[in-house]
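Working notes, beginning with the structure itself.
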Amino acid sequence: MPNQKRRKDVRNVAIIAHVDHGKTTLVDALLKQSGAYDFKAGETTVMDSNPLEKERGITIFSKNASFQYKGVQFNIVDTPGHADFGSEVERILKMVDGVLLLVDAFEGPMPQTKFVLKKSLELHLKPILVVNKIDRQNSQPHEVADKTFDLFCELNATDEQLDFPVVFASGKEGIATLDLEEKGTDLKPLLDTILHRVLPPIADPEKPFQMLITMLDYDSYVGRISIGRIVHGKVSTGEQIALVKTDGTIKQGKVTKILTYKGLKRIEVKSALAGDIVLIAGIDDVKVGETLACSLNPQALPKIKIDEPTLSMVFSHNTSPLSGKDGGRFLTSRHIRERLEHEALTNVGIKIENVPGTEKIKVSGRGELHLSILIETMRREGYELEVSSPQVILMELDGDILEPIEEVLVEVDEGYQGVVIEALGARKAEMKDMQMTSIGTIRMNFRIPTRGLIGFRGEFLKMTRGTGIMYQNFYQYQKYKGEITHRSSGVQISMNSGKAVAYALFSLQERGEIFINPGDAVYEGMIIGVNNKGSDLVINALREKKLTNMRAAGSDEAIKLIPPREMTLEFALEFIEDDELVEITPKNIRLRKRYLSENARKTKTRTSKTAIL
């Protein structure tokens, strides 16, 4: 349109990619070469500031940074690569005019590459393909570029989107080149490509002010902070503005503070224009997807479309006998409900609802990782809670029951493919593709019900002796595939409370893997290990060796225990069945039966059978 004005001094770009294809490392190099951030010795992936991100080596939360190049401000947004955090990607793409699609020069396009690219193409964003890690051994950058072009075609990209530039880069080395025959020395070829191929944002300061809220933050001094890109007009500190809520109601407010990004820092400014990515304080009770607008003419912007959750769990306060003994500060259901309500305000991929007749809360999310990150964050904040096994969210359409299906890509060494195909086949998986990679591994593509993947990752690592790689991505809802057997083994359940004894554990480890150490606190109904025979077994973990006058002085030293499994949150959530819970405290993760006493479990089993009859 002829009346559209653009701000030529700004470029807003998001970096999208599959997990571990080098987004955050490339941002490091951009910040370093532009002088926007002063790196300390050995400091890397500065955008991954959250402790969980540092530990896991993945980006979980979208973050903004900015730097200057040739008099133009580049606003860069680093997005998560894992599909479980897709709600982060979907929101952020509303703030930018172009995307850098990073693809590993060895691995090529992966399932989540397809996921993030599909989202950007739907929003008609112009992509720039960055074939990253060209310094990696066995890399094949030209072949990867061709495969990515095929992916664009598969996703029905327009002719304009198919005319994408290709930049070959190494984020680790901090170099980029447009031609592999010419070795790069810095990232200027990439920056010049962004400058010329990403459109400046449409920005007319004369139009009434509008900003779509895409992220939220909180400051104890200024309160709720709305983050987004100004679409039209301008805004100043002290100005009256309106909040247009999703239901159409309008609330008036006053801007108390405006912040923008310089490097990784937030700096206060007096005013901001259309095209700027800003943080605005002063309006409370805001939610993601709502619009900040001119108070005289408040008009809402189009809502953000977010994919629906596929998995749910039930959260409740910790009811075990050890509740409050592990350093937890927030122990009640009220504390947990308030924390989850606060999370739902900022994390739009999470949905919460009360379970009727109880104090429990049903929490729905995009996948196991999405929910486990929330649980781990709450645990570190001092919450004690118990959660149920993950359940897929089913849909009904035209009388048919539909369930979520995942696209799964596995890469295994030759020789393991048979056992993997067999295991996935038993979980209702359908193989769609199998090919040999250039390094001799087998890469296979499956489509499998989401519930078939619950508990599979640990089993997969066992069957491939830790060498297998597995990625999953939501595909679509399809007709229910029938019953799937989850766990073939039973569990060993403690019959009493006290401290576990080495002598007892020594005899129990013959029955299956043990989860606890001697001296650990146990209680009736707590799961202390696996029973390989398939049925649940009530055991005594407190049994001591009988004292006799024939006992040798050093007899206890002969007891050699196999080291127990380290109880991680991911394993616990994958392992438990419907009649079991995971107890989570700041210091421990334990498994337990839903009903602690053996009599209560037997009564429940009889009641369930009677109800079926």
Side-chain angles (χ1 to χ4, degrees), residues 4-13 36-37 49 61-68 71-77 91-92 94-97 200-246 249-302 304 342 345-346 348:
Q4 284 186 335
K5 299 178 182 177
R6 293 186 181 272
R7 278 188 64 185
K8 296 185 178 178
D9 62 333
V10 174
R11 298 291 185 279
N12 295 318
V13 186
Y37 183 80
S49 52
F61 307 103
S62 297
K63 289 176 251 7
N64 302 340
S66 73
F67 57 86
Q68 294 280 332
V72 176
Q73 174 153 321
F74 283 58
N75 292 318
I76 300 285
V77 188
R91 289 186 284 160
I92 294 312
K94 286 277 189 179
M95 297 190 350
V96 299
D97 303 288
I202 295 170
D204 189 348
E206 304 307 317
K207 285 189 175 182
F209 168 68
Q210 278 181 305
M211 183 184 103
L212 185 68
I213 301 168
T214 50
M215 289 191 287
L216 293 174
D217 202 350
Y218 183 81
D219 184 280
S220 56
Y221 180 66
V222 297
R224 187 66 55 79
I225 298 174
S226 306
I227 306 174
R229 168 182 154 186
I230 301 175
V231 177
H232 296 304
K234 54 189 174 184
V235 66
S236 304
T237 306
E239 186 179 328
Q240 285 288 130
I241 61 172
L243 170 67
V244 185
K245 301 189 76 64
T246 49
T249 57
I250 295 170
K251 181 181 174 183
Q252 298 290 332
K254 183 179 178 182
V255 178
T256 57
K257 187 176 275 193
I258 302 172
L259 301 166
T260 187
Y261 290 93
K262 184 176 183 181
L264 293 178
K265 294 179 182 175
R266 296 173 176 180
I267 58 168
E268 188 172 353
V269 293
K270 293 293 182 186
S271 62
L273 297 173
D276 286 334
I277 293 175
V278 296
L279 304 90
I280 294 178
I283 314 296
D284 290 327
D285 192 30
V286 293
K287 293 180 180 177
V288 168
E290 297 177 342
T291 303
L292 294 179
C294 169
S295 60
L296 300 176
N297 184 22
Q299 297 292 325
L301 288 163
I304 300 173
H342 181 267
L345 289 176
T346 57
V348 293

Original post:
Quick one: CD1 on Ile213 to NZ on Lys287, what's the gap to the nearest 0.5 Å?
Top reply: 11.5 Å

**OP:** Hey, could you give me the CD1/CG distance between Ile241 and Leu292, rounded to the nearest 0.5 Å?
**Re:** 4.5 Å

**OP:** Under the side-chain hydrogen bond (donor to acceptor under 3.5 Å, both in side chains) rule, collect the residues that match up with Gln73, sequence neighbours excluded.
**Re:** Gln68, Asn75

**OP:** Check whether any side-chain heavy atom of Met95 sits under 4.5 Å from a side-chain heavy atom of Asn12, and report yes or no.
**Re:** no

Original post:
Considering all heavy atoms of both residues, which atom of Pro208 and which atom of Asn297 are nearest to each other, and what is their separation?
Top reply: CG-ND2, 3.9 Å

Subject >> Nearest-0.5 Å distance that lies between atom CD1 in Ile230 and atom CG in Leu273 >> reply: 7.0 Å

Original post:
What heavy-atom pair brings Val278 and Ala272 nearest, and what distance separates the two atoms?
Top reply: CG1-CB, 3.6 Å

Subject >> Atom of Val255, atom of Ser236 and distance for their closest heavy-atom approach >> reply: CB-O, 3.7 Å

**OP:** Only pairs at least two apart or in different chains count here, so list each side-chain hydrogen bond (donor to acceptor under 3.5 Å, both in side chains) that has a residue in residues 267-281.
**Re:** Arg7-Asp276

Original post:
So which pairs with a foot in residues 230-243 pass salt bridge (Lys or Arg N to Asp or Glu O under 4.0 Å), sequence neighbours left out?
Top reply: none

Original post:
With no hydrogens and no angle check, is any side-chain donor or acceptor of Thr260 less than 3.5 Å from a backbone partner on Ile267?
Top reply: no

Original post:
Would you say the side chain of Tyr261 lies within less than 4.5 Å of the side chain of Arg266, judging by non-hydrogen atoms?
Top reply: yes

Original post:
With sequence neighbours excluded, what pairs up with Glu290 under the side-chain hydrogen bond (donor to acceptor under 3.5 Å, both in side chains) test?
Top reply: Lys245

**OP:** Could I get the full list of side-chain contact (heavy atoms from CB on, under 4.5 Å) partners for Ala242, not counting sequence neighbours?
**Re:** Ile250, Gln252, Pro298

Original post:
Less than 4.5 Å apart, any side-chain heavy atom of Met211 and any of Ile280?
Top reply: yes

Subject >> All side-chain hydrogen bond (donor to acceptor under 3.5 Å, both in side chains) counterparts of Arg229, not counting sequence neighbours >> reply: Asp97

Subject >> Taking every non-hydrogen atom, the tightest pair across Val244 and Ala293 >> reply: CG2-CB, 4.3 Å

Original post:
Taking the side chain as C-beta and beyond, is there a heavy-atom pair between Val13 and Val96 under 4.5 Å?
Top reply: no

**OP:** Mind checking the CD1-OG spacing from Ile258 to Ser226? Nearest 0.5 Å is all I need.
**Re:** 11.5 Å

Subject >> Residues forming a side-chain hydrogen bond (donor to acceptor under 3.5 Å, both in side chains) with Asp284, sequence neighbours excluded >> reply: none

Original post:
What pairs with Lys251 under side-chain contact (heavy atoms from CB on, under 4.5 Å), at least two apart in sequence or on another chain?
Top reply: Leu243, Asp285

